[in-house]
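Counting starts at 1 for both ligands and their atoms, following the listed order. Just so we're clear, the structure is a prediction, and the values are computed from it rather than from any experiment.
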Amino acid sequence: MDSILVTGNGPLSGQIPIAGAKNACLTLMPATLLSDEPLTLTNAPRLSDIRTMTLLLQSLGAEVQALNDGQVLALSSHALTSTRAEYDIVRTMRASIRVLGPLLARHGEAQVSLPGGCAIGARPVDLHLRAMEALGAEMDLRDGYVHAKAPAGGLRGGVVRFPLVSVGATENALMAAVLARGTTVLENAAREPEIVDLAQCLRKMGARIEGEGTSRIEIEGVDRLGGATHRVVTDRIELGTYMLAPAICGGEVECLGGRIDLLQAFCEKLDEAGISVEETAAGLKVARKNGRVRAVNVVTEPFPGFPTDLQAQMMALLCTAEGDSVLEEKIFENRFMHAPELMRMGARIDVHGGTARVRGVEALRGAPVMATDLRASVSLILAGLAAEGETVVSRVYHLDRGYEHVVRKLRGVGAKIERIKGE
Ligand code: EPU
């Protein structure tokens with residue numbers, strides 16, 4: 001297994017290009033299942049999760065071609081051969097559940113493996129299933145699979161009221177409702193930019209949707225959808241991660257393609273911590289020029305709140321802040337796995353349930369560390385960039401799921417980082 005060697009070496013400067021959003025792309029790709037005409041996605045990120053979704057769609061008979069070095073995905077579902085998403089693929093990536101809504105809407109049935117365990121929390125899929133039921137589907141759990149069947153004549157519009165905000169369940173319900181007969185209303189829907197991106201793409205395909213980006217989305221079902229070309233929205237989590245690099249190491253970095261509206265709550269916390277963020281013609285320029293970062297308190301929430309997917313990276317920043325910070329994780333019940341690893345680097349952190357208190361120290365020291373999920377791994381790289389000495393981050397396959405060319409991007413701004421090939 002490969003690992004990453006990081007050596008702390010002071011301020012960073014230069015530009016980092018931000019890729020298209022992993023989590024938007026992972027929900028745009030299954031939208032191909034809704035139409036027999038081609039769907040072309042541009043600005044796609046080059047990630048192992050995208051390759052996994054490619055394999056899943058291909059296993060259903062969809063054609064997926066990666067062009068232009070993987071930045072363009074040409075998808076077509078004109079001749080699907082299966083409506084069954086197998087355990088072998090689904091267990092490696094929970095986003096696979098996003099084929100349920102489109103398969104059910106266009107083909108009247110789907111069998112999707114239940115995803116199984118996850119490092120950051122239980123992550124059930126009950127809300128996805130309830131949303132399908134609200135559109136008339138019959139759901140049955142057998143042999144580790146969800147067996148879903150639409151009524152004769154197909155799904156019908158309905159009211160889906162989510163008891164808690166779920167990005168994935170909102171996306172599945174949206175994709176199912178675009179081909180359902182009549183009107184569907186999604187209440188307490190997620191408002192993430194990835195949902196807005198999906199709605200915009202579906203609209204280009206001919207869907208009738210109103211209210212995306214608010215907690216009430218209304219969909220008027222249509223008989224069929226056509227093809228479209230769509231540019232994947234900027235990855236706000238990759239953006240926030242790289243904004244934290246100069247915040248932690250000092251210096252000034254411009255994140256190309258960045259927008260404040262994607263990360264308002266996060267930018268407010270950076271400001272409170274003493275980091276400057278400025279909009280430029282090409283993106284966002286982030287700088288920490290003098291002094292230590294100030295401690296801040298963070299509570300993760302659904303969009304537009306502070307994203308859970310930036311909590312680990314923010315913790316890495318706060319480890320060397322002046323004073324104590326409190327981070328509350330409200331989305332996932334077990335998302336502090338990075339804390340003990342950061343403590344191996346000299347951080348002082350107390351975790352109690354969903355709350356972590358970070359007591360700022362002057363400096364971190366390099367150490368061998370390992371991570372159990374994607375955002376935790378990148379938080380350890382960020383910590384390593386600011387630590388004295390060498391940090392080796394193992395289990396890099398987590399990182400490859402969500403960050404393309406991480407070594408190249410960080411080297412481009414002066415970081416000392418390299419990938420070490422394992423056996
Ligand atoms: N939940 C349920 N039942 C459900 C669905 C969700 O109880 O049927 C709970 C979850 O267990 C969690 C909360 O609701 O506690 C929110 O989960 P959500 O459904 O919003 O998450 P998701 O759609 O599975 C997406 C991202 C995650 C990101 C979350 C929250 C994708 C592919 N994944 O997951 O991204 O953390 O939204 O913003 O879009 C990551 O990229 O590192 C990542 C984990």
**OP:** Let me know which of Ser96, Ser113, Pro115 forms a side chain to side chain contact (heavy atoms under 4.5 Å, CB included) with Tyr87.
**Re:** Ser113
Original post:
Just by modelled atom types, is the Val72 backbone N or O under 3.5 Å from a matching donor or acceptor in the Thr42 side chain?
Top reply: no
Subject >> Protein contact to atom 26 (C) of ligand 1 [nearest heavy atom, distance to 0.1 Å] >> reply: Asn23 ND2, 3.5 Å
**OP:** Count the heavy atoms of every other residue, nucleotide or ligand shown that sit under 6.0 Å from CD of Gln58, and state whether that count exceeds 12.
**Re:** yes
**OP:** Mind checking whether Val167 contacts ligand 1 via backbone (N, CA, C, O), side chain (CB onward), both or neither, at a 4.0 Å heavy-atom cut-off?
**Re:** both
**OP:** Could you find the nearest protein heavy atom to atom 7 (O) of ligand 1 and give me its residue, atom name and distance?
**Re:** Pro124 CG, 3.4 Å
**OP:** Between Ile120, Val125, Ile331, flag the one that comes closest to atom 15 (O) of ligand 1 by a heavy atom.
**Re:** Ile331
Subject >> Sub-4.0 Å atoms of ligand 1 with respect to non-hydrogen atoms of His128 >> reply: 8 (O)
**OP:** Specify the protein heavy atom at minimum distance from atom 19 (O) of ligand 1: its residue, its atom name, and the distance to 0.1 Å.
**Re:** Ser166 OG, 2.6 Å
**OP:** Output yes when a side-chain donor or acceptor of Arg411 lies under 3.5 Å from a complementary backbone atom of Ile417, and no otherwise.
**Re:** yes
Original post:
What's the shortest distance from atom 24 (O) of ligand 1 to any protein heavy atom, and which residue and atom give it?
Top reply: Arg123 NH2, 3.0 Å
**OP:** Decide whether Ser76 and Glu63 meet the rule of one side-chain donor and one side-chain acceptor closer than 3.5 Å.
**Re:** no
Original post:
Do Arg259 and Thr234 meet the criterion of a side-chain donor-acceptor pair at a distance under 3.5 Å?
Top reply: no
Subject >> Top protein contact for atom 30 (C) of ligand 1, by heavy-atom distance >> reply: Thr308 CG2, 3.9 Å
**OP:** Check whether any N or O atom of Gly168, backbone or side chain, sits under 3.5 Å from an N or O atom of ligand 1, and answer yes or no.
**Re:** yes
**OP:** State whether the side chain of Glu238 and the backbone N or O of Ala19 hold a donor-acceptor pair below 3.5 Å, judged by distance alone.
**Re:** yes
Original post:
Where does Arg375 meet ligand 1, judged by heavy-atom distances below 4.0 Å: at the side chain, the backbone, both, or neither?
Top reply: side chain
**OP:** Nearest 0.5 Å please: distance from the CD atom of Glu341 over to the OG atom of Ser377.
**Re:** 10.5 Å
Original post:
Which protein non-hydrogen atom lies closest to atom 14 (O) of ligand 1, naming both residue and atom, and how far is it?
Top reply: Leu164 CD1, 3.2 Å
Original post:
Under 3.5 Å between some N or O of ligand 1 and some N or O of Glu192?
Top reply: no
Subject >> Thr183 and Glu220: side chain donor to acceptor below 3.5 Å >> reply: yes
Original post:
Considering only protein heavy atoms, which is closest to atom 10 (C) of ligand 1, and at what distance to one decimal place?
Top reply: Phe332 CE2, 4.2 Å
**OP:** Report, in ascending order of atom number, the atoms of ligand 1 lying under 4.0 Å from any heavy atom of Ala95.
**Re:** 32 (C)
**OP:** Verify, without hydrogens or angle tests, whether Arg106 (side chain) and Leu33 (backbone) share a donor-acceptor contact under 3.5 angstrom.
**Re:** yes
**OP:** Answer side chain, backbone, both or neither: which part of Leu374 comes under 4.0 Å from ligand 1, heavy atoms only.
**Re:** side chain
Original post:
Considering only protein heavy atoms, which is closest to atom 44 (C) of ligand 1, and at what distance to one decimal place?
Top reply: Arg335 NH2, 3.5 Å
Subject >> Heavy-atom nearest option to atom 25 (C) of ligand 1, drawn from Arg94, Met93, Arg98, Lys22 >> reply: Arg98
Original post:
Is there a donor in the side chain of Tyr242 and an acceptor in the side chain of Glu254, or the other way round, less than 3.5 Å apart?
Top reply: no
